[in-house]
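A, B, ... follow the sequence lines: proteins, then strands. Residue 1 opens every chain.
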Amino acid sequence: MTKICSVEKKIRSEGKDLILCDETRSELLPILRRVQDRKGYISDKDMQEIADRLGIHPVEVYSVVTFYSFLNYEKQGSTVIRVSNCISNLLAGSKKVLREFEKELKIKSGQTTKDKKITLKETSCIGMCDKAPAIMVNDKLVGNVTPKKVQQVIKGIRNGK
Amino acid sequence: MENKRKGPVVFSEIKSIDALKEALRIGRVGVLDVVRDSNLKGRGGAGFPAGVKWNLAASANDDKKYIVCNADEGEPGTFKDRVLLTEYTRLIFEGMIIAAYAIGAKKGFIYLRGEYRSIFPHLVNTMAEMRKENLLGDGILKNKDFSFDIEVRLGFGAYVCGEETALIESLEGNRGEPRNRPPFPVYTGYNGHPTVVNNVETLANIPHIILKGVKWFKSIGTEKSSGSKIISVSGDCKKPGVYEVPFGTTVKSILKIAAASDTKAVQVGGASGVCLPKSQFDRKIGFEDISTGGSIIIFNSKRDMLDAADNFLHFFQEESCGQCTPCREGIPVLIEGLELLKRGECDKKYLDDLLSLAETMQLASKCGLGQSAPNMFVSVVDNFKSEYKLSKNTRKENLFHG
């Protein structure tokens, strides 16, 4: 496994070399972010490894990963599209936008396309109500996404923009 | 600062760093007194006096203290912090530095919601600039005994982390579950040390107050609510956006600013706020009337208010941390009740039961999420009676009476 802790210390225990995080529990979320940024999700094995290095039980890591909706414990598409479903977005027609994405990608909300490129999700308010309907493409906030613009967004992702 | 926005306090003109210099001139006690006297209340929605928080943290005896900027803006319909963090970055940092100086903190955090990750590089770059200018780091503005630095931490899409104790739990690397209060974070916050958690907007007010004075600040707004509120307007209107208005502004005049017409209802305070019918559009924004974190959502006459309540309840169901019973178990019962109401199958007696359940949730939930989850339901039932019909047949099976 590549480096997950920003500060590491090596110790020798029971005849083995161990690498531990020279950081406290409070670094757990930044560590999880680094792992997810690299792989797109946090596997069981990652959780075990992180727990070992921080000296906590893997269940504690699991409990944190499952609590936050932006942390994934399952493989995701390389791009995650999140359609905001807060009330302001609904008023602006976000359900139609979601349906359009579902139609174009041939998947349902919560699923990943066959080529593992795109995952479609719904999310609570993303703070773009003044530009509703709005979506997130990975970390990017995109406003005023009308059903007509859906094709364009997907095209942009597929072309690697 | 070059900004096109105009407003009475935060969006008014100010020269960068002047306030910090003034703070260093009047000293710690001076700053604490000014903030206390200004009657500045927390802008996140709860409205706790910032001066009280600061004074308590300042008097706490600990060598490690923290200042946290709460940028976990999750309330549906709020986006003012997105604008502030992007356009008024230095102002917010300056507010944090002044706060750190006043309470004696050496380290600060900005807890940035995961949805705003695209702002993260901008914040880090601004901090790097400020370190070069000796505004962050060791010996700020050549004051040997004043060192302070800020770290940006990202949230991961959990609404409840906007609650200050949940936010601290999250900073410590735990699930974002609210703690029991007391003890308050000003005594035992991050890793058990005194911690002040302030909203982005509260901190953006600080430099203005320090530089322009208590008298000036108190001349804006109303007697009990000094200053201004930055509101995020969205929904059925022509000009959605972020506006700064003095406290005491009526809902009616906000509708005018946003160029809204044919308005049936206004949701003030997001999912946890209240829904006002036309007859109450004369009510005022302020801690003495309708307190809000700034979310204003406008509904026109074609909208179904029961659908809106349904959306909010599902939102709370999704975001509830599940720790305490009234919130975890209450929300699904309200959702089910709302379904009955929609179908016209809810009778008077059951509706009364639901309202008493709502009251229990408001009183007995552990944190603000559960306490405010039933607000919209109650608002719609009370204020929009024409939108639903009660069933005349009493339901045979009743949740509370078997």
Side-chain angles (χ1 to χ4, degrees), chain A residues 21 23-34 36-37 42 50 54 56 59-72 80 82 84-92 94-95 121-144, chain B residues 73-83 113-120 151 153-161 170-177 190-191 232-236 239-242 267 270-271 295-300 303 307-309 311-312 314-315 318-319 321-322 376:
Chain A
C21 290
E23 290 162 328
T24 53
R25 167 77 187 252
S26 77
E27 289 294 315
L28 179 58
L29 282 168
I31 289 172
L32 291 171
R33 173 161 62 89
R34 279 198 288 277
Q36 176 161 302
D37 279 354
I42 301 150
I50 293 164
L54 282 173
I56 54 177
V59 161
E60 288 193 46
V61 182
Y62 178 78
S63 80
V64 170
V65 173
T66 50
F67 182 84
Y68 296 93
S69 60
F70 280 20
L71 290 176
N72 314 310
V80 181
R82 290 187 168 89
S84 173
N85 64 7
C86 77
I87 190 79
S88 303
N89 277 272
L90 284 183
L91 294 177
S94 66
K95 267 279 169 309
K121 287 185 173 183
E122 285 173 81
T123 188
S124 315
C125 189
I126 57 172
M128 288 284 282
C129 308
D130 51 341
K131 292 170 188 151
I135 61 167
M136 282 180 83
V137 179
N138 285 343
D139 297 331
K140 212 171 96 191
L141 296 167
V142 188
N144 302 317
Chain B
E73 177 179 56
E75 194 64 60
T78 0
F79 41 92
K80 62 173 178 73
D81 292 350
R82 187 194 85 221
V83 169
R113 69 187 300 223
E115 286 85 344
Y116 290 170
R117 191 169 179 182
S118 47
I119 308 174
F120 190 95
E151 182 185 338
R153 282 286 181 91
L154 268 177
F156 289 94
Y159 166 76
V160 73
C161 287
S170 181
L171 279 180
E172 291 179 2
N174 301 323
R175 292 160 67 89
E177 289 174 348
Y190 178 66
N191 285 341
S232 319
V233 187
S234 64
D236 296 320
K239 292 183 185 166
V242 171
Q267 176 76 14
S295 162
I296 308 271
I297 303 169
I298 302 168
F299 298 90
N300 69 23
R303 306 297 185 180
D307 280 350
N311 173 271
F312 286 156
H314 277 99
F315 165 75
E318 174 76 27
E319 298 294 344
C321 79
M376 179 62 170

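- Considering CZ of A:R25 and CG of B:L171, their distance stands at 13.0 Å, rounded to 0.5 Å.
- Rounding to the nearest 0.5 Å places CD of B:E318 at 7.0 Å from OG of A:S69.
- Nearest heavy atom pair, residue B:Y190 against residue A:S26, reads OH-OG, 3.0 Å.
- Annotation: side chain of B:C321 is in contact with side chain of A:F67 (closest heavy-atom distance under 4.5 Å).
- Within the 4.5 angstrom heavy-atom criterion, only side-chain atoms of B:V160, from C-beta onward, approach chain A.
- Of the residues considered (A:I126, A:L28, A:T123, A:N138), A:I126 shows the highest number of contacts with chain B, using heavy-atom pairs under 4.5 Å.
- Distance alone, capped at 3.5 Å, is enough to place a donor-acceptor pair between the B:N311 side chain and the A:N85 backbone.
- Closest approach of A:S88 to B:G77, counting heavy atoms only: OG-CA, 4.2 Å.
- Distance check: B:I119 CD1 to A:L141 CG gives 7.0 Å after rounding to the nearest 0.5 Å.
- Using a distance-only test at 3.5 Å, with no hydrogens or angles considered, a donor-acceptor pair links the side chain of A:Y68 to the main chain of B:G176.
- Taking 4.5 Å as the limit, some side-chain heavy atom of B:L154 sits within range of a side-chain heavy atom of A:R33.
- Options B:I298, B:T78, B:N174 differ in how many heavy-atom pairs under 4.5 Å they form with chain A, and the most are formed by B:N174.
- When the salt bridge (Lys or Arg N to Asp or Glu O under 4.0 Å) test is applied to B:E151, the partners found at least two apart in sequence or on another chain are B:K107, B:R153.
- Taking each heavy atom of A:F70 and B:G114 in turn, the nearest pair found is CE2-C, 3.9 Å.
- Applying the ring-ring contact (aromatic ring centres under 6.0 Å, His included) rule to B:Y159 yields the partners B:F315; only residues at least two apart in sequence or on another chain are considered.
- Closest approach of A:D130 and B:P240 over heavy atoms only: O-CG, 3.7 Å.
- The backbone N or O of A:D139 sits nowhere less than 3.5 Å from a side-chain atom of B:R117 that would complete a donor-acceptor pair.
- Side chains of B:D307 and A:L90 form no contact here, defined as non-hydrogen atoms less than 4.5 Å apart.
- Of the two parts of B:R82, only the side chain, counted from C-beta on, holds a non-hydrogen atom closer than 4.5 Å to a non-hydrogen atom of chain A.
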Practice task
May I have the step-by-step check of side chain to side chain donor-acceptor pair (under 3.5 Å) for B:E319 and A:S124, ending in yes or no?
Solution key: CA-CA 9 Å; B:E319 298 294 344; A:S124 315; 2.9 Å; yes
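- Counting only heavy atoms from C-beta outward, the side chains of A:L29 and B:S170 approach each other to under 4.5 Å.
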Exercise for the section: Let me see the working for B:F156 and A:V64 under side chain to side chain contact (heavy atoms under 4.5 Å, CB included), right down to the final yes or no. Expected result: CA-CA 10 Å; B:F156 289 94; A:V64 170; over 6 Å; no
